[in-house]
Structures are given as C-alpha cells and as structure tokens.
Amino acid sequence: LPDSTIADSLQRVTGIQIQRSAGQGALVSIRGSREVLTTLNGELFLTAENILNSQADYRDVPSALISGSNVAKSMNAKHLEGGIGGTVDLLTRRALSLDEGLSGSVRLQGSEGSITKTTDPEVSGLVGFNWDDQTAMSLAFSFADQTVSDNSVQTRAGND
C-alpha cells in the first residue's frame, strides 16, 4: 500500500473516512458509520483491541504486509455478519503469487518530529521464494521506532 498505515490508504476510497490517533490513521468509518467489519483474507480479524466490537485498529497491521483490500460499502448475503456500515477485507501478500525464484521488497522511511527533533526510522519488507508455483514460502517483517504524541484539550462546563 502506498501510505504508512492501512487506514491512510483506505481514506482514498470514496465514502471512507478515518479517525487519527497520535497523527496516524487508526479507525475507519464507511459513509459515517463506525460499525465496519474487518476481515483478513476473508476470515474474522480479532485483536485484543477489537474483541468486543467489530472495529479494528488499522495500526495493528503494518501496511507492508498487505497487498490490497476489498471494500463493501453495503451488506449482502455473502458477507460475514457484523458490519452494519460495511466490510473491509484486507488481503495479505501470497507466496504462490510471487514470481518464480527469489523475490523481495523493502521499504525504508524516516520522519522527523517538529517537537522532538529526532528521526524515527521505519523498515518493512517481504522476502519470498517460489519453487514451482506449487511450493512457496515468504517472510514479512516490519520495524518502527516512532515517537508520537496526542495533544488534545478538553473543556468541561460546570454549573456553579
């Protein structure tokens, strides 16, 4: 995917809005509804964060591990139950779809914060070997050391 997070890439699709957390795309809404079911290769995608609801935090999966996504903005009978607003199916890279032989890709990225003045590195990639279009293996990796902040102001009106 072209962006740092999956949510940042998904916001390019018409009708999808994202919510940011510490500057990174985290949650996805479809046509204003936050009830979006996320699946991974067609299977239910569960983490500790979304065990009680269907909304996944897209910062949990590095975008380098994803080859694409299928977005359904309305429900039909072939989709899993749970996404009133729609469904996002994340598709991982498949070793058998790689070219025959050794192949790989690496993504290096650095960012500098205006407050911390430190450079935050991010490295991700995929190495795979496809023997004969019937036997293949791949290894994906991702590393990020990021300093993020979430500056917000909350006001509360009191009755005196």
Colleague: Working to the nearest 0.5 Å, report the span between OG of Ser97 and CG of Leu91.
Modeller: 10.5 Å
Colleague: So if you build clusters from Ile, Leu, Val, Met, Phe, Trp, Tyr with side-chain heavy-atom gaps below 4.5 Å, do Met137 and Leu102 land together?
Modeller: yes
Colleague: Do the side chains of Val127 and Ile66 join up, straight or via other hydrophobic residues, at under 4.5 Å, putting them in one cluster?
Modeller: no
Colleague: Counting distance only, does the side-chain N/O of Asn70 pair as donor-acceptor with the main-chain N or O of Leu90 below 3.5 Å?
Modeller: no
Colleague: Give, for atom OG of Ser142 and atom CD of Glu122, the distance between the pair rounded to the nearest 0.5 Å.
Modeller: 6.0 Å
Colleague: Is there a path of hydrophobic side-chain contacts, each under 4.5 Å between heavy atoms, that joins Leu40 and Val13?
Modeller: yes
Colleague: Is a side-chain N or O of Ser69 found less than 3.5 angstrom from the main chain of Val88, in a donor-acceptor match?
Modeller: no
Colleague: Indicate the atoms forming the closest heavy-atom contact of Ser138 with Leu126, along with that distance.
Modeller: CB-CD1, 4.0 Å
Colleague: Would you say Asp145's side chain and Asp120's backbone share a donor-acceptor pair under 3.5 angstrom?
Modeller: no
Colleague: Among Val71, Ile6, Thr38, Ile18, find the one that has a side chain to side chain contact (heavy atoms under 4.5 Å, CB included) with Val28.
Modeller: Ile18
Colleague: Whether the side chain of Lys73 engages the backbone of Thr14 through a donor-acceptor N/O pair (distance < 3.5 Å, no angle test) should be reported.
Modeller: yes
Colleague: Establish whether Val36 and Leu10 are linked, either directly or via other cluster members, by ILVMFWY side-chain heavy-atom contacts under 4.5 Å.
Modeller: yes
Colleague: Within this structure, what is the CZ-CG distance for the pair Phe129 and Asp99, rounded to the nearest 0.5 Å?
Modeller: 12.0 Å
Colleague: Looking only at heavy atoms, which two atoms of Phe141 and Val123 are closest? And how far apart?
Modeller: CE1-CG1, 4.0 Å
Colleague: What closest approach, in Å, do Ile30 and Ala72 show between heavy atoms, and which atom pair accounts for it?
Modeller: CD1-O, 4.0 Å
Colleague: How long is the straight-line distance from CD of Gln17 back to CZ of Arg31, given to the nearest 0.5 Å?
Modeller: 10.0 Å
Colleague: Looking only at non-hydrogen atoms, find the nearest pair between Trp131 and Glu100 and report the distance.
Modeller: O-OE2, 3.3 Å
Colleague: Which atoms form the tightest heavy-atom contact between Ala95 and Asn130, and what is the distance?
Modeller: O-ND2, 3.8 Å
Colleague: Keeping the roles fixed (side chain from Asp8, backbone from Gln11), state whether a donor-acceptor pair exists under 3.5 Å.
Modeller: no
